[in-house]
Structures are given as structure tokens and as C-alpha cells.
Amino acid sequence: MRWTSALAIYVLFWAFSVFLVLPFGVRTTREVGGETVPGQSESAPHDFHAGRVAWRVTIVATTLFVLFQLNYAYGWITPQMFDLFNTRDMVRR
């Protein structure tokens with residue numbers, strides 16, 4: 001695999017991991033016991049740390065990417081394992 005392809009796949013893993021990480025560790029203003037600002041949504045986070053979220057996302061994305069690369073190299077899971085309708089047999093006939 002070319003390094004540019006690997007980089008693009010890593011960026012996709014990173015973007016996907018944002019949605020996995022964002023909901024964890026979020027506390028609303030009501031949970032913290034603080035005062036809400038007029039117009040503030042009740043579900044808005046009380047204190048958002050972008051650096052902490054980016055660090056967590058990087059850890060999750062790197063872990064998933066390493067597993068992807070290992071699977072690419074060693075072929076643990078292949079598309080043929082998910083051939084539910086035996087399409088390879090249909091092509092031979």
C-alpha cells in the first residue's frame with residue numbers, strides 16, 4: 001500500500017473516531033451544578049477541552065489503523081469470508 005493511501009485511510013479513521021469519542025466524558029451545566037446562560041441548550045457541555053478530545057481521538061484512530069494495517073498485511077479477515085451467497089461458485093458455472 002502506498003504511503004499516500006495509508007495516510008488517507010488514517011485521516012478517515014481519525015474523522016470516524018471523532019464521533020466515537022465525543023459523547024464520552026461530557027457533563028452538562030446542570031450535572032456540574034452551574035448556572036446556564038440564557039439561550040443555552042440543556043445538552044450543551046459545561047466545559048469543552050478540544051485538546052483532550054483530539055488526544056483521545058488520535059489514540060483511538062491510531063489503534064484502529066494499526067489493526068487495519070495488520071489485517072491488510074496478514075489477511076485475518078478477507079472479503080471471501082463474507083460471501084454469503086456463494087458468488088464465486090456462480091461465476092465458475
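Here the structure is a predicted model, which is why all the values come from computation and not from measurement. Below, each value reflects all heavy atoms present in this structure, side chains not excepted, and no hydrogens, waters or symmetry copies.
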Partner set under ring-ring contact (aromatic ring centres under 6.0 Å, His included) for F68, not counting sequence neighbours: F13
Inter- and intrachain pairs under salt bridge (charged side-chain N to carboxylate O under 4.0 Å, His left out), touching residues 28-41, at least two apart: R30-E42
Single hit among V18, L12, L20 for side chain to side chain contact (heavy atoms under 4.5 Å, CB included) with F16: L20
Please report the interatomic distance [atom1]([X]) to [atom2]([Y]), rounded to the nearest 0.5 Å.
X: T28; Y: H46; atom1: OG1; atom2: NE2; answer: 9.5 Å
X: M1; Y: I9; atom1: CE; atom2: CD1; answer: 4.0 Å
X: F65; Y: Y72; atom1: CZ; atom2: OH; answer: 11.0 Å

Side-chain contact, heavy-atom cut-off 4.5 Å: [X] with [Y]?
X: V26; Y: L22; answer: no
X: Y10; Y: T62; answer: yes
X: L64; Y: S17; answer: yes

Side chain T58, main chain A54, donor-acceptor under 3.5 Å: yes
Sidechain-backbone polar pair: Q69 side chain, V66 backbone, donor-acceptor under 3.5 Å: no
W76 CH2: over 12 foreign heavy atoms closer than 6.0 Å: yes
Least distance between heavy atoms, V57 atom then V21 atom: CG2-CB, 3.8 Å
